[in-house]
Amino acid sequence: MVEVLAAKALTLRHLHWIFMAEEKELRYDPAAIETKWQQRWAADPQLYAAEPTSSGKSKYYVLEMLPYPSGQLHMGHVRNYSIGDALARHMWMRGYNVLHPMGWDAFGLPAENAALKNNTPPREWTLANIAAMKRQMQRIGFSYDWATEVATCLPEYYRWNQWFFLRMYEKGLVYRKESKVNWCPECATVLANEQVINGYCWRHEETLVEQRELEQWFFRITAYVQELLDGLDKLEGWPEKVRTMQRNWIGRSEGTEIDFAVENRGEKIRVFTTRVDTIFGATSIQLAPEHPLVTALAATDAGLKTQVSKLIEEQKKAKESGDVGAIEKHGVPSGRFAVNPYNGELIPIWIANYVLMDYGTGAIMSVPAHDERDFEFAKKYAIPIREVIRPVQNEAETEHGAKLPFVSEDGVLVNSGKYDGLTCAEAQKRLQEVAARSAFGEAKVIFRLKDWGVSRQRYWGTPIPMIHCERDGLVPVPDDQLPVILPDKIEITQTGGSPLARVPEFVHVTCPKCGGAARRETDTMDTFVDSSWYFYRYTDAKNATAPFDPATAQYWFPIDQYIGGVEHAILHLIYSRFWTKVMRDLGMIKNDEPAQRLFTQGMVIKDGAKMSKSKGNVVSPDDMVARYGADATRMYALFAAPPDRDLDWQEDGVAGVSRFLGRVWRLAEKYAPIARVSERIASTGQNGGTAQKLLRKLHQTIAKITLDFEGRWHFNTCVAAIMELVNELQAADAQLTSGEVSAPVVRELLRVLALLLAPFAPYLAAELWEELGGEGPILRAPWPKSDPALAKEDEIEIPVQINGKLVALVRIAPDADTEAFEMAALVDEKVKARVAGKMIVKVIVVPGRAVNLVVK
RNA sequence: GCGGAAGUGGUGAAAUGGCAAACACACUAGCCUUAGGAGCUAGCGCCGAAAGGCUUGCGGGUUCAAGUCCCGCCUUCCGCACCA
């Protein structure tokens, strides 16, 4: 009895299976198609490999920013990589030698946090995440050459960070100095700026981050500051926004430094000003609370000391809360006076909380009449306000003086002794000359950009290859002892500075110079070091004797197209420009800049907000791929908005793209047999209007998409154009089925459709290509060429306007002459009716576009 | 405050100075059916029964013609900010 029931159940299940199988024939099944092709592609490691530099083809290096291996791709990645992948595939089809690599920015704090939380070693956690994300990328079908894969946490990679560090040390581009760092007392460790959120620790919402002085390693990026600034003008392939952000970050400022002697003391105060022309209006000197002179004065004055530490405290708090501009201006008089070198005037020296020690000289001359902040401060403390610049434009205003503070440089000097009457610009020049001649000042350019602090008191990063010896001081690790391996066995805790300092086997070494006992540096490098040169490593990823081969790098560089998020506009993109210049000066490369063109894609948002766990609006790529397929997911990412704009993720939209791909698939299923017939039966050459119409649309679509890839990158309209083409094919079902459209034309239509889809929906394109009997991988098939003759319309509809208002549409050949256009417009019934009884003053014909009648 | 970008249907959006709303989503109606996250057909900016009129943040301007160019303003987003 049991057996009978079992047999029956089996039969039903069997029937159901057959039934499902039949249904599958009619149904687009992305999972089946994509699994099949994923396996085939995985079995062909050469598919996405670049050819040797001797290939003779033009090279094209397309690069997407490498991800941090968090363990999960997010939609931002999918969008970024879908853009790059479409471009790479297109360039392959255009016959270029394409380098399209991927890697992992694998060092960083999250691995240590995960280690704490899950008791998993950072290395293990990171490598597992890399494996998981690589699987995701392969599932989506991105065309990376995995043979050049780079993971920055592996010794094969980070040994070259150390190597570069030593080369830069030799060139004086690495140095050590005391510096302020963010310190979380709860974590008992240093935090990166990004880990300080409104002055609080990112892990301890209630803990204020402190500033501490520590010995830190620095890269002398300021040695290249002017070149980094000037280079921006030449980076025409970079978004203006990014160039502007970098200019602001570099913050070049031209001005003058002037020494003010301190009355009754031997010292001088050096101030920086961009407005030396206003110096006769200086009615006080303002010092930063941490200025050395203030420290000296406070040392012998307990009362002053208390007040100054209050100012420092205020400044610190403001800095921590991230709202420095909102601080209430506050200061104390030092009781001392300074001498204005131009006129010998004695002016009081104050100490103010709005003056910063780390900009300029930490001291300013205060000119209340011509500076907003000085004005506010002078009002508060009743410091004299002396007007020394009068506006030139307005006579009436000049007589009574301008409204103060008058900050414009569009004026002439007054109350300035022999300089009266000069314009601001003239005065600046003259006053600088005088200062230089009398040796109390000079013209000076200062920058906001500071040297790059690279020390991190953390475990999961590149060990800094230096040794501290009591006899020999700082000793670099010799090249033949590289890499300094990051020890595996380590206990990660949240307390007590550099974790490496607690690994005795790591710390204790013999000094390479004297052979005596010495200690290793236990700080590791900022992870931005890793990402500053990784794209050079891709060109020669397996090199065990050098970071890369210069000749190979020279072939591939500069990167033709770099694609990533705008959040890297400053740090990563300045550091990697700096690194490129350093490598150039080391003689390793010839290019001055890493990337010819940069594209910054928009964010992926959902319900009007950036996707984030806390908002609960995260859409998982895995989920999308499982429901709609990889093709639909990535094609939606390109279709929903132009790539540079923010994209609002709407799942219904993905479903729509998936339905579209289903239509394409069914279309191919239906007509592929007809298309294949053409291989055996000669073309009759008899194609009616429908065939012509379809071919016209086809060639228009080719032209549109080709053009877009060449610069505009509006892939959303490319996808729309393919949809229009498919809609037309579908509307011509009767003619396609009946044979009215000949088999060779059907074949051509489907073949080109597959080619056009290849950059956007590579799985389906490969499937169609195979079904149509295409030769080799579609990726290597030549990109179709648009035939202008076939694309041309024989008749177009153009608007006829009367006084700029649309009144009729007339049909006419697009290449008809001006008279024909005018005639066509004038004979139209609607036009006649509107013109009747009036006078045509003028007829404007824009051939091929419009006719406008000016009528009275 | 400085710098940058953007404002178009119910939604995502499209439009070399020349028919505003292509392509899609959602919605409505109908058909088909293996009742599906399926397919097909049609409709779908606003007002209006229709004819027709109106419509690209607001106000000006240039032009035969402006979503597009120019001037002023408003709003939103992003970056920088007591930078001397």
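Nothing here was measured: the structure is a model prediction, and the numbers come from that model. Letters go in sequence order (proteins before strands), and every chain restarts at 1.
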Q: Would you name the heavy atoms of A/N617 and A/K610 that are closest together and state the gap between them?
A: ND2-O, 3.4 Å
Q: Using atom C1' of each nucleotide, how far apart are B/G7 and B/G12 to the nearest Å?
A: 15 Å
Q: Find which nucleotide of RNA chain B each of A/D371 and A/G804 is nearest to by heavy atoms, and output the residue with the more 5' nucleotide.
A: A/G804
Q: Using a 4.0 Å heavy-atom cut-off across all strands, classify A/E797 as base, sugar-phosphate, or nothing.
A: base
Q: Is the closest basic N to carboxylate O distance between A/E651 and A/R627 below 4.0 Å?
A: yes
Q: Mind calculating the distance between CE (A/M635) and P (B/C25) to the nearest angstrom?
A: 12 Å
Q: Is A/D371 salt-bridged to A/R275, cutoff N-O under 4.0 Å?
A: no
Q: Find every protein N or O atom lying less than 3.5 Å from an N or O atom of nucleotides 36-42 of chain B, and list the pairs.
A:
{"unit_1": "B/G37", "atom_1": "N1", "unit_2": "A/R627", "atom_2": "NH1", "d": "3.3"}
{"unit_1": "B/G37", "atom_1": "N2", "unit_2": "A/R627", "atom_2": "NH1", "d": "3.4"}
{"unit_1": "B/G37", "atom_1": "N2", "unit_2": "A/Y628", "atom_2": "OH", "d": "2.8"}
{"unit_1": "B/G37", "atom_1": "N2", "unit_2": "A/E651", "atom_2": "OE2", "d": "3.3"}
{"unit_1": "B/C40", "atom_1": "OP1", "unit_2": "A/Q730", "atom_2": "NE2", "d": "2.8"}

Q: Taking the same atom, C1', in B/G9 and in B/A20, what whole-Å distance lies between them?
A: 11 Å
Q: Name all stems that contain residues of RNA chain B, defined as runs of 3 or more consecutive Watson-Crick or G-U wobble pairs, both distances under 3.5 Å.
A: B:1-7 with B:74-80, B:10-12 with B:23-25, B:27-31 with B:39-43, B:45-47 with B:52-54, B:57-61 with B:69-73
Q: Apply salt bridge (Lys or Arg N to Asp or Glu O under 4.0 Å) to residues A/R243 and A/E236 and explain how you reach the verdict.
A: CA-CA 9 Å; A/R243 296 200 277 169; A/E236 277 158 20; 5.9 Å; no
Q: Which atoms form the tightest heavy-atom contact between A/R252 and A/Q226, and what is the distance?
A: NE-OE1, 3.1 Å
Q: Looking only at side-chain N and O atoms, does A/T717 offer a donor or acceptor that is under 3.5 Å from a partner on A/K704?
A: yes
Q: To the nearest Å, how far apart are A/R247 CZ and B/A81 C1'?
A: 18 Å
Q: So if I take residues 805-825 of chain A and measure heavy-atom distances to RNA chain B, which residues fall below 4.0 Å?
A: A/K805, A/L806, A/L809
Q: When you look at NZ of A/K379, are more than 12 heavy atoms from neighbouring residues, nucleotides or ligands closer to it than 6.0 Å?
A: no
Q: Counting only N and O atoms by type, is there a donor-acceptor contact under 3.5 Å from the side chain of A/T361 to the main-chain atoms of A/R270?
A: yes
Q: Between A/H370 (side chain only) and A/I389 (backbone N and O only), is there a donor and an acceptor less than 3.5 Å apart?
A: yes
Q: What nucleotide among B/A84, B/A22, B/C64 has an atom nearest to a side-chain atom of A/E724?
A: B/A22
Q: Which value, rounded to the nearest 0.5 Å, describes the distance between A/R811 atom CZ and A/I796 atom CD1?
A: 9.0 Å
Q: Are any of the side-chain nitrogens in A/R247 or A/D233 under 4.0 Å away from the carboxylate oxygens of its partner?
A: yes
Q: Would you call A/E793 and A/K693 a salt bridge, using N to O less than 4.0 angstrom?
A: no
Q: Decide, yes or no, whether a salt bridge links A/D358 with A/K450 under the criterion of side-chain N to carboxylate O below 4.0 Å.
A: no
Q: How is A/Q801 classified with respect to the nucleic acid when contacts are heavy atoms under 4.0 Å: base, sugar-phosphate, or nothing?
A: base
Q: B/G61 and B/A51: how far apart are their C1' atoms, nearest whole angstrom?
A: 35 Å
Q: Which one, B/C23, B/G53, B/G18, comes nearest to the side chain of A/R834?
A: B/G53
Q: For B/A14 versus B/C31, give the span between their P atoms, rounded off to a whole number of Å.
A: 37 Å
Q: If I pick the C1' atom on B/C58 and the same atom on B/G53, what distance separates them, to the nearest angstrom?
A: 22 Å
Q: Please test A/Q315 against A/N353 for side chain to side chain donor-acceptor pair (under 3.5 Å), starting from the C-alpha separation and ending with a verdict.
A: CA-CA 6 Å; A/Q315 226 173 37; A/N353 66 353; over 6 Å; no
Q: Return the CZ to CH2 distance between A/R448 and A/W249, rounded to the nearest 0.5 Å.
A: 5.0 Å
Q: Nearest whole Å is fine: how far is B/G52 C1' from A/K830 NZ?
A: 12 Å
Q: Suppose you measure atom C1' in B/G10 against the same atom in B/G3; what distance do you get, rounded to whole Å?
A: 36 Å
Q: If the cut-off is 4.0 Å, is A/N727 near the phosphate of B/A24, judged by side-chain N/O to OP1 or OP2?
A: yes
Q: Syn or anti for B/G9? Use the chi torsion, O4'-C1'-N9-C4 for purines and O4'-C1'-N1-C2 for pyrimidines, with syn inside 90° of 0.
A: syn
Q: Just jot down the ring-ring contact (aromatic ring centres under 6.0 Å, His included) partners of A/Y381, sequence neighbours excluded, or say none.
A: A/W350, A/F377
Q: Could you state the atom-to-atom distance from NZ of A/K329 to C1' of B/G1 in whole Å?
A: 12 Å
Q: Measure CZ/A/R448 against P/B/A84 and give the value in whole Å, please.
A: 11 Å
Q: Produce the list of close N/O pairs, under 3.5 Å, pairing protein atoms with atoms of nucleotides 13-16 of chain B; give distances to one decimal.
A:
{"unit_1": "B/A13", "atom_1": "O3'", "unit_2": "A/N716", "atom_2": "ND2", "d": "3.4"}
{"unit_1": "B/A14", "atom_1": "OP1", "unit_2": "A/N716", "atom_2": "ND2", "d": "2.8"}
{"unit_1": "B/A14", "atom_1": "OP2", "unit_2": "A/R645", "atom_2": "NH2", "d": "2.6"}
{"unit_1": "B/A15", "atom_1": "OP1", "unit_2": "A/R712", "atom_2": "NH1", "d": "2.9"}
{"unit_1": "B/A15", "atom_1": "OP1", "unit_2": "A/R712", "atom_2": "NH2", "d": "3.0"}
{"unit_1": "B/U16", "atom_1": "O4", "unit_2": "A/R849", "atom_2": "NE", "d": "3.0"}
{"unit_1": "B/U16", "atom_1": "O4", "unit_2": "A/R849", "atom_2": "NH1", "d": "3.1"}

Q: Mind checking A/G656 for me? I need base, sugar-phosphate or nothing, with any heavy atom below 4.0 Å counting as a touch.
A: sugar-phosphate
Q: So does A/M357 have more than 12 non-hydrogen atoms from other groups sitting under 6.0 Å from CE?
A: yes
Q: If you measure from the C1' atom in B/G57 to the same atom in B/U68, how many Å do you get, rounded?
A: 16 Å
Q: A/N852 near the nucleic acid: base, sugar-phosphate alone, or nothing, with a heavy-atom cut-off under 4.0 Å?
A: base
Q: If you assign each of A/N248 and A/K842 to its closest nucleotide in RNA chain B, which residue comes earlier from the 5' end?
A: A/K842
Q: Which of residues 235-244 of chain A sit near RNA chain B, with a heavy atom under 4.0 Å from it?
A: A/K241, A/T244
Q: Could you tell me how far apart A/L573 (CG) and B/G79 (P) are, to the nearest whole angstrom?
A: 15 Å
Q: Without decimals, in angstroms, what is the distance between A/L725 CG and B/C23 C1'?
A: 13 Å
Q: I need the CE-P distance between A/M245 and B/A81, as an integer number of Å.
A: 11 Å
Q: Quote, to the nearest angstrom, the P distance that separates B/A66 from B/G59.
A: 15 Å
Q: What's the spacing between A/D374 CG and A/I385 CD1 if we round to 0.5 Å?
A: 10.0 Å
Q: For A/A630, does its backbone N or O pair with a side-chain atom of A/E34 as donor and acceptor, under 3.5 Å?
A: yes
Q: So what does A/V719 touch, heavy atoms closer than 4.0 Å: a base, only the sugar-phosphate, or nothing?
A: nothing
